[in-house]
There are 2 protein chains.
Amino acid sequence: MSELPIPRRGRSSGRVTLDDVARVSGVSPITVSRTLRGARNVAPELSARVHEAVARLGYVPDVAARALASSRSSHVAVLVPSLTNALFVELLEAVQGTLMPMGFQTLIGVTHYQAAQEEALLRSYLSQRPAGLIVTGFDRSDAARRMIEDSGVPCVHVMETTPIPGIYSVGLSQHQAARAITRHLLQRGRQRIAYVAGQLDPRVMQRLQGYRQALADAGRYDPALEVLDPSPTSIALGARQFEALLARQPDVDAIFFCNDDLAQGGLLAALRHKIEVPQRVAIAGFNDLDGSDQMLPTLTTVRTPRAEIGTRATLMLAALMRGDEVTENTVDLGFELVVREST
Amino acid sequence: MSELPIPRRGRSSGRVTLDDVARVSGVSPITVSRTLRGARNVAPELSARVHEAVARLGYVPDVAARALASSRSSHVAVLVPSLTNALFVELLEAVQGTLMPMGFQTLIGVTHYQAAQEEALLRSYLSQRPAGLIVTGFDRSDAARRMIEDSGVPCVHVMETTPIPGIYSVGLSQHQAARAITRHLLQRGRQRIAYVAGQLDPRVMQRLQGYRQALADAGRYDPALEVLDPSPTSIALGARQFEALLARQPDVDAIFFCNDDLAQGGLLAALRHKIEVPQRVAIAGFNDLDGSDQMLPTLTTVRTPRAEIGTRATLMLAALMRGDEVTENTVDLGFELVVREST
DNA sequence: CTGAAAGCGCTTACAG
DNA sequence: CTGAAAGCGCTTACAG
């Protein structure tokens with residue numbers, strides 16, 4: 001009952017080890033290891049003794065030792081392009097919120113939309129043999145793609161989806177969502193609908209395609225109404241883009257901004273110039289970010305289920321990490337058109 | 001010249017190891033280890049041979065093995081209360097941006113302003129023996145404080161400062177910043193200045209004190225003008241708070257919101273209700289977040305140097321991790337009053 | 001279902 | 001300035 005571990009000397013860290021647990025519970029270290037990893041082939045009685053000893057000693061496994069012995073760490077690396085877009089912050093929170101209770105640590109990497117940075121992060125994180133990997137979208141360098149594949153680390157892609165077998169993804173159709181909101185503007189009777197974008201990442205370009213298709217279907221496509229600016233999106237950029245577009249194309253009667261921050265900027269610029277929204281020009285955004293429901297007028301937008309994407313992607317990854325069969329390799333979580341006053 | 005490592009069998013991961021580098025460069029493994037850790041007591045010639053072999057073999061140290069042997073990982077844990085407030089996102093970006101080139105990995109923990117969550121994160125992260133720790137502010141449970149101290153892990157506190165010896169901090173005086181902006185409102189001739197807050201974290205309460213002192217000094221303090229709401233801050237909350245305050249205290253002539261998102265919401269609510277800003281009521285915010293310079297009218301606020309705080313804190317932590325003497329244990333990076341149209 | 005042995009890839013502590 | 005030995009705390013692979 002009281003064979004508490006004897007403090008050792010030398011290089012010992014003084015930490016309670018798996019061997020201590022084995023000694024106290026009267027089983028071999030391997031049995032302790034198996035029990036802790038949830039192996040099914042341990043006698044219930046021994047398992048109970050082990051759990052009791054763990055609790056009594058306050059044993060916490062050493063993740064470094066575990067990683068070294070098993071060549072697999074308890075880290076899950078998550079690569080997102082940006083934290084400036086609240087979208088990814090919410091995605092990340094959902095991922096971390098479901099990963100932590102499962103005993104995994106999240107390693108967050110921000111690529112800043114740059115292939116070279118993504119490669120560098122991948123190189124660094126994969127050298128630590130993470131248990132799993134979550135990456136954003138499918139657009140990356142061949143080198144990056146190869147690193148992921150060669151690593152053998154289970155990987156789930158988020159935000160976009162693909163039916164390609166062997167590739168796991170949870171997201172939504174950016175194309176369809178953009179098409180839906182563009183159609184909404186058409187249904188409102190708008191004739192000259194502009195698409196105003198920043199950042200120009202792959203998803204922004206997919207939205208462009210959805211916009212184009214909706215307009216082409218209606219016979220209203222006009223390339224002069226596309227504003228494609230590679231600068232990072234922000235409220236200020238949206239305001240500038242609004243002013244520039246109306247100066248150049250005074251007869252535009254609707255604007256679909258690729259992200260809500262731009263749209264909010266557009267709305268503020270309209271207020272400043274006393275341009276009536278939606279009377280003279282309707283404005284729509286994308287993502288439904290904080291504040292969009294408070295604007296004047298309130299902003300019509302598309303709500304994307306990023307928190308749910310994060311959760312579902314993590315659950316899918318967990319299954320892959322356990323080695324479970326994952327039959328449904330693609331999950332499309334859809335979107336919701338949120339019609340407010342601005343259209 | 002060509003003693004390339006022979007592929008081994010058994011449990012080997014096939015990975016290039018430190019022993020491979022030692023063999024190729026013709027020195028002992030310890031010399032390789034010392035060279036890679038930047039020890040000064042290695043002959044330049046041997047060091048050169050080692051570096052050459054590292055490059056040739058593409059050797060990447062195994063962080064798990066290093067952590068196990070040295071009882072210190074290459075991770076730096078960073079604890080922030082929230083990622084919803086863009087303030088902390090920018091802080092984090094700065095930390096990660098200076099930490100990565102130094103070969104450290106950032107472990108981001110979000111406490112959601114909850115002591116219990118901070119304790120849980122600390123327990124989890126400290127069990128991995130991180131190389132360093134960055135935490136937000138000084139307000140935490142005794143248990144958390146003790147865990148940090150007992151761990152012996154170098155720790156830097158951000159956002160606030162304290163002169164207590166042995167405690168390292170980089171931040172600004174929330175009290176002084178709040179006092180400065182309140183004084184600015186007084187100088188504009190405002191008589192009934194409200195403080196409207198959400199979240200009520202320690203820094204928000206320090207700002208309250210700065211506000212109180214400025215008003216008390218001017219003989220204008222009135223507790224009826226304080227709105228202290230524990231809900232998380234958001235644009236929507238600011239709008240509601242604005243409406244409620246003006247209904248209850250119609251003679252208020254200035255509002256200092258504890259964060260820019262609230263202030264932006266207040267500004268939008270004023271627009272909606274056609275309440276003239278700053279004529280009828282002046283509005284000021286805090287932190288200078290995205291969009292504040294685009295509001296109608298543009299928002300007067302306090303710019304806090306969070307990116308610089310992140311960088312300086314990381315450099316201080318790096319010095320502590322190296323074991324260097326750090327004489328200046330407190331760095332106050334100040335703030336900047338940004339006067340725009342709303343006051 | 002259980003265990004003794006070996007090993008993962010580094011660094012520490014001790015010599016020289 | 002350099003190195004041989006031991007060890008960090010786990011898990012793998014092999015037996016039984």
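Each chain gets a letter, A, B and so on, in the order the sequences are listed, and its residues count up from 1.
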Is any side-chain N or O of Arg37(B) closer than 4.0 Å to OP1 or OP2 of dT12(C)? yes

Are any side-chain N or O atoms of Thr314(B) and backbone N or O atoms of Gly310(B), one a donor and one an acceptor, separated by less than 3.5 Å? yes

The Watson-Crick or G-U wobble partner of dA4(C), with both key distances under 3.5 Å, is none

Distance below 4.0 Å between Thr31(B) side-chain N/O and dG3(D) OP1 or OP2: yes

Would you mind pulling out the nucleotide paired to dA13(D), Watson-Crick or G-U wobble, both distances under 3.5 Å? none

Please report, rounded to the nearest Å, how far the P atom of dC1(D) is from the CZ atom of Arg49(B). 16 Å

Toward the 5' end of DNA chain D, by each residue's nearest nucleotide, Ser33(A) or Gly26(B): Gly26(B)

Closer than 4.0 Å, any side-chain N/O of Arg15(A) to the OP1 or OP2 of dG9(D)? no

Round to a whole Å and report the spacing from CD of Glu45(B) to C1' of dC1(D). 12 Å

Whole-Å gap separating P (dG16(D)) and CG (Asn41(A)): 18 Å

Gln128(B) CD to dC10(D) P, in whole Å, measures 13 Å

Without decimals, in angstroms, what is the distance between Asp19(A) CG and dA5(C) P? 14 Å

CG of Leu18(B) versus C1' of dT11(C): gap in Å, rounded? 9 Å

Please state whether the phosphate of dG9(C), meaning OP1 or OP2, lies under 4.0 angstrom from any side-chain nitrogen or oxygen of Thr17(B). no

From the set dG3(D), dC1(D), dT11(D), return the single nucleotide nearest to any side-chain atom of Ala69(A). dT11(D)

Say whether, by atom type as modelled, one donor and one acceptor occur between the side chain of Arg56(B) and the main chain of Val21(B) under 3.5 angstrom. no

Return yes if some donor-acceptor pair links the side-chain N/O of Arg37(B) with the main-chain N/O of Ser33(B) below 3.5 Å, else return no. yes

According to a strict under-4.0 Å criterion, is Ser28(B) in side-chain N/O contact with OP1 or OP2 of dG3(D)? yes

DNA chain D: Arg34(B) or Ala65(B), which has the more 5' nearest nucleotide? Arg34(B)

Quick one: Asp20(B) CG to dC8(C) C1', roughly how many Å, whole number? 13 Å

Is there a donor-acceptor pair closer than 3.5 Å between any side-chain N or O of Arg140(A) and the backbone N or O of Thr136(A)? yes

Arg66(B) CZ - dC8(C) C1' separation (whole Å): 16 Å

State, with a plain yes or no, whether a side-chain heavy atom of Phe104(B) is found less than 4.5 Å away from one of His75(B). no

